[in-house]
Colleague: 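This is the structure, below, for whatever I ask next.
Keep in mind the model is a prediction, meaning the values are calculated, not measured. Throughout, a chain's letter reflects where its sequence line sits, starting with A, and its residues are numbered from 1.
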2 protein chains.
Amino acid sequence: MARTTLDTAALAHDLRLAVMRFSRRLRNQRVDTSVTLTHLAALSTLKRHGAMSPGELAGHERVQPPSMTRVVVALEGKGLVSRTPHPTDRRQVVIDLTPAAEALLTEEARAREAWLSGQLHALSPEDRATLREAARIMDDLASG
Amino acid sequence: MARTTLDTAALAHDLRLAVMRFSRRLRNQRVDTSVTLTHLAALSTLKRHGAMSPGELAGHERVQPPSMTRVVVALEGKGLVSRTPHPTDRRQVVIDLTPAAEALLTEEARAREAWLSGQLHALSPEDRATLREAARIMDDLASG
DNA sequence: GGAGTATGCTTACCGGTGCTAATCAACGGG
DNA sequence: CCCGTTGATTAGCACCGGTAAGCATACTCC
């Protein structure tokens, strides 16, 4: 077991560095600079799960509600989301995509993370499969 | 090939989200709050590759020189690195770890990314192997 | 050897991201 | 009807990265 523990420690170290550098790169390498990665993530979630309250959205993105509030404010300022009062609970607000956001997401889907897709396409199928698995594992780790 | 392209697009999407959430989690889940992840990464690089100039350090971490300058200033303020003039080129500065930093890194190695290690240890060996591979691939992607 | 260019670090400034604490409105149970 | 809870927001802080510009030093070319 000592071997496993050692390996795990080394893995933790390397994985941490790799993820840091990679996410830095992801953030900077974007072509479309009009919307940030954080904003895009929020829009994607809305697209996938439909209209929801800021709190729910924060839950999905695993950030605190105040952080999501700022994102929503920014997106509303850009005309990408709408805020409508909740039908029964007047404390809540319902955030939904605007047609402009739908168009942006479609456009984004077309250009589909240009840099990253290109990079991934150049990898071997085995490496892609590894990343696919790793994405699942990291998402579980982020959630758990 | 259409299939592969589609898969790649989906992978790019999922991988992006997973990495974002995971790195967010990594940043927050740290126990030792005295040094930030960025600082720790710089110290690790110095430990691994030895004393170097701020520019080289920035290259390793894949950030711009001004960003590294700030990190170095902070680390110097904490007594974790020393700045000595370059022997032949007086424009350059040589950054090196202080004994305090060595001690900190040893301590850090002991506690070794507590949360992450724990999480990783709970995974199956196969999942760990996947992450190990993924770490390599992501590092290559970040560099390339 | 001096002028002009290139390099390396730093300063100044800006924007994005996330957090906690505190505030305010509205809901809902007792 | 009062009070605790919940949801969203505001205020303030810290971290992290980038660009543009300044400045000293090194190098190159005539």
Colleague: D89(B): what forms a side-chain hydrogen bond (donor to acceptor under 3.5 Å, both in side chains) with it, not counting sequence neighbours?
Modeller: R91(B), Q92(B)

Colleague: Could you state the CG-C1' distance from L75(B) to dC15(D), rounded to the nearest angstrom?
Modeller: 13 Å

Colleague: Measuring from the side chain of P66(B) (C-beta onward, heavy atoms only), which nucleotide among dT19(D), dG18(C), dC16(D) has the closest atom?
Modeller: dT19(D)

Colleague: Does T36(B) have a side-chain nitrogen or oxygen under 4.0 Å from the phosphate oxygens OP1 or OP2 of dC15(D)?
Modeller: no

Colleague: Could you tell me the separation between the CZ atom of R27(A) and the C1' atom of dT19(D), rounded to a whole number of Å?
Modeller: 18 Å

Colleague: Under 4.0 Å between any heavy atoms, over every strand shown, what does H86(B) touch: base, sugar-phosphate, or nothing? Just pick one.
Modeller: nothing

Colleague: For DNA chain C, what residues of residues 42-65 of chain A have any heavy atom nearer than 4.0 Å?
Modeller: V63(A), Q64(A)

Colleague: Holding to side chain to side chain contact (heavy atoms under 4.5 Å, CB included), I want the full list of residues that pass it with R132(A), two or more places apart in sequence or in another chain.
Modeller: R128(A), D7(B), L11(B)

Colleague: Taking 4.0 Å as the cut-off, does a side-chain nitrogen or oxygen of R24(A) come that near to OP1 or OP2 on dG17(D)?
Modeller: yes

Colleague: Could you pull out all residues at least two apart from T45(B) that satisfy side-chain hydrogen bond (donor to acceptor under 3.5 Å, both in side chains)?
Modeller: E61(B)

Colleague: Which nucleotide, dC15(D), dG18(C), dA8(D), lies nearest any side-chain atom of Q92(A)?
Modeller: dA8(D)

Colleague: Taking only nitrogen or oxygen atoms into account, show me every contact under 3.5 Å that the protein makes with nucleotides 13-15 of chain C, one pair per line with its distance.
Modeller:
none

Colleague: For A42(A) and V71(A), work out which heavy atoms get closest and say how close.
Modeller: CB-CG1, 4.1 Å

Colleague: For R90(B), give me all partners under salt bridge (Lys or Arg N to Asp or Glu O under 4.0 Å), at least two apart in sequence or on another chain.
Modeller: none

Colleague: Using side-chain hydrogen bond (donor to acceptor under 3.5 Å, both in side chains) as the criterion, list what pairs up with K78(A), not counting sequence neighbours.
Modeller: none

Colleague: Quick one: H39(B) NE2 to dC16(D) C1', roughly how many Å, whole number?
Modeller: 9 Å

Colleague: Scan T69(A) against the nucleic acid and name what it touches under 4.0 Å (heavy atoms): base, sugar-phosphate only, or nothing.
Modeller: base

Colleague: For residues 61-94 of chain A, which residue pairs pass the ring pair (Phe, Tyr, Trp, His ring centres under 6.0 Å) check, not counting sequence neighbours?
Modeller: none

Colleague: Which heavy atom of L46(B) sits nearest a heavy atom of I95(B), and at what distance?
Modeller: CD2-O, 3.7 Å

Colleague: Output a table of nitrogen or oxygen pairs between the protein and nucleotides 24-30 of chain C separated by less than 3.5 Å.
Modeller:
from, atom 1, to, atom 2, distance (Å)
dC27(C), OP1, R90(A), N, 2.8

Colleague: Output every pair passing salt bridge (Lys or Arg N to Asp or Glu O under 4.0 Å) with a member in residues 64-77 of chain A, not counting sequence neighbours, ordered by first then second residue.
Modeller: E76(A)-R83(A)

Colleague: Can you tell me if S67(B) touches the phosphate of dC16(D), counting only side-chain N or O atoms and a distance under 4.0 Å to OP1 or OP2?
Modeller: no

Colleague: In chain order, what residues pass the side-chain hydrogen bond (donor to acceptor under 3.5 Å, both in side chains) check against H49(B), with sequence neighbours excluded?
Modeller: none

Colleague: Whole angstrom is fine here: how far is it from CG in L26(A) over to P in dC16(D)?
Modeller: 18 Å

Colleague: Treat each ILVMFWY residue as a node, draw an edge where side-chain heavy atoms are under 4.5 Å apart, and state whether L37(A) and V19(B) are in one component.
Modeller: yes

Colleague: Output all residues satisfying salt bridge (Lys or Arg N to Asp or Glu O under 4.0 Å) with E133(B), sequence neighbours left out; order by chain, then residue number.
Modeller: R136(B)

Colleague: Between atom CD1 in I95(A) and atom P in dT9(D), what is the gap in whole Å?
Modeller: 7 Å

